[in-house]
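Please read the structure below before turning to the comments.
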Amino acid sequence: QVQLVESGGGLVQAGGSLRLSCAASGRTFSTYNMAWFRQAPGKEREFVAAISWRGSIPYYADSAKGRFTISRDNAKNTVYLQMNSLKPEDTAVYYCAASNRYLYGSSYFGRSQYDYWGQGTQVTVSS
């Protein structure tokens, strides 16, 4: 089992940047596929980015491609989401998620594939 704690959210102007962090407990972090999801008010929680347990394969939602970068540091039990060129539509609560299932391709995008979730961190982008 793994516990996840997000940090790094805040208020930023459009065009700005934020770096989210997700610290995981447990000695088996390196075996988990990790992802970021987000949920805006009144909307479904949606996939943003994911990275395989080896850290060699990142996946991005179309809305994140070219602007966001997911990375992980297994020595620090931490996964990051670097967000650049932020837009007001990026405003949401961002959640870190972990999965120890075998994932491939589009299966990384599904909420149901992830068994562990953090409490979320608020990102607000002003216009």
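One is the number of the first residue; the rest follow in order along the sequence.
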Please walk me through it: do Lys87 and Asp90 pass salt bridge (charged side-chain N to carboxylate O under 4.0 Å, His left out)? CA-CA 5 Å; Lys87 306 175 183 179; Asp90 294 318; over 6 Å; no

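Taking CD1 from Ile51 and CG from Asn33, the interatomic distance works out to 9.5 Å, rounded to the nearest 0.5 Å.
Under the 4.0 Å criterion applied to side-chain N and carboxylate O atoms, Glu44 and Arg111 are assigned as salt-bridge partners.
Of the possible donor and acceptor atoms, none in the side chain of Asp115 sits under 3.5 Å from a partner among the backbone N and O of Ala98.
Ring to ring, Trp53 and Phe29 are not that close: their centroids are 6.0 angstrom or more apart. Ring centroid separation for the pair Tyr104 and Tyr102 comes in under the 6.0 Å cut-off. For an aromatic pair to be called close, the ring centres must be under 6.0 Å apart, and Tyr59 with Phe47 fails this.
In this structure, Tyr60 and Phe68 approach most closely via the heavy-atom pair CE2-O, 3.3 Å.
For the pair Arg38 and Tyr95, the cation does not sit on the ring face, since its NZ or CZ is not both under 6.0 Å from the ring centre and inside 45° of the axis. With Tyr80 as the aromatic partner, Arg72 does not meet the cation-pi criteria of under 6.0 angstrom to the ring centre and within 45 degrees of the ring axis.
Leu4 and Tyr114 fall into different hydrophobic clusters, where Ile, Leu, Val, Met, Phe, Trp and Tyr are joined by side-chain heavy atoms under 4.5 Å apart, directly or via other members. Tyr108 and Val48 fall into different hydrophobic clusters, defined by Ile, Leu, Val, Met, Phe, Trp and Tyr side-chain heavy atoms under 4.5 Å apart, directly or through other members.
For the 3.5 Å distance criterion, the side chains of Ser17 and Asn84 qualify, holding a donor opposite an acceptor.
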